[in-house]
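Data first, discussion second: the structure below is written as structure tokens.
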Amino acid sequence: MNLILLGPPGAGKGTQAKLLEQKLNMLQLSTGDMLRAAKDKGSEIGKKIKLIMAEGNLVTDEIVIELISENIDKSSKCAGFIFDGFPRTLYQADALSELMSSKKQSIDLVIEMRVDDSQLIERIVGRYSCKECGEVYHKVNRPEQKKGVCDNCKSINGFIFREDDTEEALRTRLFNYYRETSSLIGYYYAKKKLTMVDGLLPIQTIHDLIYQATKNNL
């Protein structure tokens, strides 16, 4: 089983990927994580990525596909792959399809985590986390129980607000997401691989819906 998680920033793709990894012995292939790991590792492809990033350029689709191929080959014991952050364009979708076909595999399921933008902005704006353990809070929905003290690790070293968790920044990220990926919805719908879930439901409810969708595709 190989699946793609589609959804805007803050929809919870990473959280759902981790839950699926644990339950189904799958492996999350996050483009950002793979690029950072390759750059730090210093492999041949990592050196190319480091040079491209140092020059302020975007890593090409060809290099990302090469990196995905490399990670698939070295993770043959897992039950499948979860693609998070890739593809984002029709060209990338075709390239991924060709790659999987060359490895005698395919994309079996695409989960679109659909959200209401205004509710998503309300949920994300105001997030902050503990400097020590990373526990996540929200100034309205989930503040710490004792002001200035982390509920989880009891640290009093303070909290971190993400600079891009502002309404203006988030609206820009949402616009870029929809502009890049809207065509993928029709692409995978036409291939009868698309399933939509409400990305603003409780985490466990979303997981149950995705898990049921994977069972239906076995």
Side-chain angles (χ1 to χ4, degrees), residues 3-40 53 81-86 88 110-182 185 195-214:
L3 65 89
I4 295 170
L5 292 178
L6 292 178
K13 299 186 296 299
T15 298
Q16 293 302 324
K18 294 300 181 189
L19 291 173
L20 290 170
E21 279 188 317
Q22 296 166 11
K23 192 163 190 173
L24 298 175
N25 187 34
M26 300 179 76
L27 178 66
Q28 178 190 15
L29 294 180
S30 167
T31 306
D33 290 345
M34 287 189 294
L35 288 171
R36 284 187 289 272
K39 181 169 67 73
D40 294 341
M53 289 182 167
F81 300 96
I82 306 163
F83 295 93
D84 172 11
F86 192 92
R88 290 188 176 182
V110 179
I111 302 292
E112 181 197 2
M113 297 177 64
R114 192 172 296 179
V115 300
D116 176 272
D117 290 355
S118 60
Q119 290 184 54
L120 181 67
I121 290 170
E122 183 180 325
R123 185 173 78 174
I124 292 178
V125 172
R127 288 191 307 189
Y128 58 99
S129 58
C130 173
K131 284 184 179 178
E132 293 297 321
C133 70
E135 186 76 5
V136 179
Y137 299 91
H138 191 281
K139 64 183 180 182
V140 176
N141 301 327
R142 196 208 164 199
E144 67 273 27
Q145 294 177 12
K146 184 176 180 181
K147 189 170 180 60
V149 180
C150 176
D151 299 346
N152 184 52
C153 70
K154 310 305 178 187
S155 169
I156 57 172
N157 290 336
F159 300 93
I160 301 170
F161 285 83
R162 280 184 51 170
E163 293 182 2
D164 58 350
D165 276 354
T166 65
E167 182 170 346
E168 182 180 2
L170 184 55
R171 287 192 183 279
T172 298
R173 289 161 64 197
L174 286 170
F175 173 78
N176 289 334
Y177 166 76
Y178 291 124
R179 181 182 62 187
E180 291 178 345
T181 62
S182 58
I185 304 303
T195 296
M196 189 276 288
V197 299
D198 183 346
L200 294 177
L201 291 171
I203 290 172
Q204 187 59 47
T205 302
I206 295 172
H207 172 66
D208 292 342
L209 290 170
I210 294 176
Y211 177 63
Q212 185 61 48
T214 64

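Taking the six-membered ring where the residue is Trp, F81 and F83 present tilted rings, their angle falling between 30° and 60°.
Here the closest non-hydrogen pair linking R123 and G10 is NH2-O, 2.6 Å. Between G134 and S129 the shortest heavy-atom distance is O-CB, 3.8 Å. For R114 against E112, the heavy-atom pair with the smallest separation is NH2-OE1, 2.7 Å. In plain terms, the two heavy atoms of P8 and V115 that are nearest each other are CG-CG2, 3.4 Å. Heavy-atom minimum distance, I82 versus A17: CD1-O, 3.6 Å. Residues L170 and L120 share a closest heavy-atom pair of CD2-O, 4.3 Å.
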- Report the C-alpha separation of Y178 and I185 in whole Å, then their side-chain angles, then the decisive distance to 0.1 Å, and conclude whether the side chain to side chain contact (heavy atoms under 4.5 Å, CB included) test is met. CA-CA 10 Å; Y178 291 124; I185 304 303; over 6 Å; no
- Message: Walk me through whether D208 and Q204 qualify under side chain to side chain donor-acceptor pair (under 3.5 Å).
- Response: CA-CA 6 Å; D208 292 342; Q204 187 59 47; 2.9 Å; yes
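You'll find the side chain of C130 reaches within 4.5 Å of the side chain of C153, heavy atoms only. Put simply, the side chain of L20 reaches to within 4.5 Å of the side chain of L3, judged on heavy atoms. Residues L24 and Y211 are in side-chain contact: their nearest non-hydrogen atoms beyond the backbone lie under 4.5 Å apart. Considering only heavy atoms from C-beta on, T15 stays 4.5 Å or farther from I206 through its side chain. In this structure, H207 and K23 have side chains that are in contact, with non-hydrogen atoms separated by less than 4.5 Å.
Under 4.0 Å is where a charged nitrogen must lie from a carboxylate oxygen, and between R173 and E168 no such pair does.
For the residue pair E180 / N176, no side-chain donor-acceptor distance below 3.5 Å is found, with atom types taken as modelled. If you check the side chains of N152 and Y137, you find no donor sitting under 3.5 Å from an acceptor.
Side chain of T205 to main chain of L201: no donor-acceptor pair is present (N/O by atom type, distance under 3.5 Å, no hydrogens or angles). Judged purely by atom type and a 3.5 angstrom limit, Q28 has no side-chain atom pairing as donor or acceptor with the backbone of K18. Between the R88 side chain and the Y177 main chain, no donor and acceptor come within less than 3.5 Å of each other. E144 places no side-chain N or O within 3.5 Å of a backbone atom of H138 that could act as its donor or acceptor partner. Judged purely by atom type and a 3.5 angstrom limit, K13 uses its side chain to pair as donor or acceptor with the backbone of G7.
The CD1 atom of I121 sits 10.0 Å away from the OG1 atom of T166 when rounded to the nearest 0.5 Å. From N157, atom CG reaches atom SG of C150 across 10.0 Å, with rounding to the nearest 0.5 Å. Interatomic distance, NZ of K139 versus CG of N141, reported as 11.0 Å (0.5 Å rounding). From I111, atom CD1 reaches atom CG of L6 across 9.5 Å, with rounding to the nearest 0.5 Å. The structure places CG of L200 at 10.0 Å from CD of E122, a figure rounded to the nearest 0.5 Å. Note that the CE atom of M26 and the CG atom of L19 stand 12.5 Å from one another [nearest 0.5 Å].
In the displayed structure, I203 atom CD1 is contacted under 6.0 Å by at most 12 heavy atoms of other residues, nucleotides or ligands. Summarising the local packing, CZ of F175 is surrounded by 12 or fewer heavy atoms from other residues, nucleotides or ligands at distances under 6.0 Å.
K131 forms no cation-pi arrangement with F159, by the criterion of a distance under 6.0 Å to the ring centre and an angle within 45° of the ring axis.
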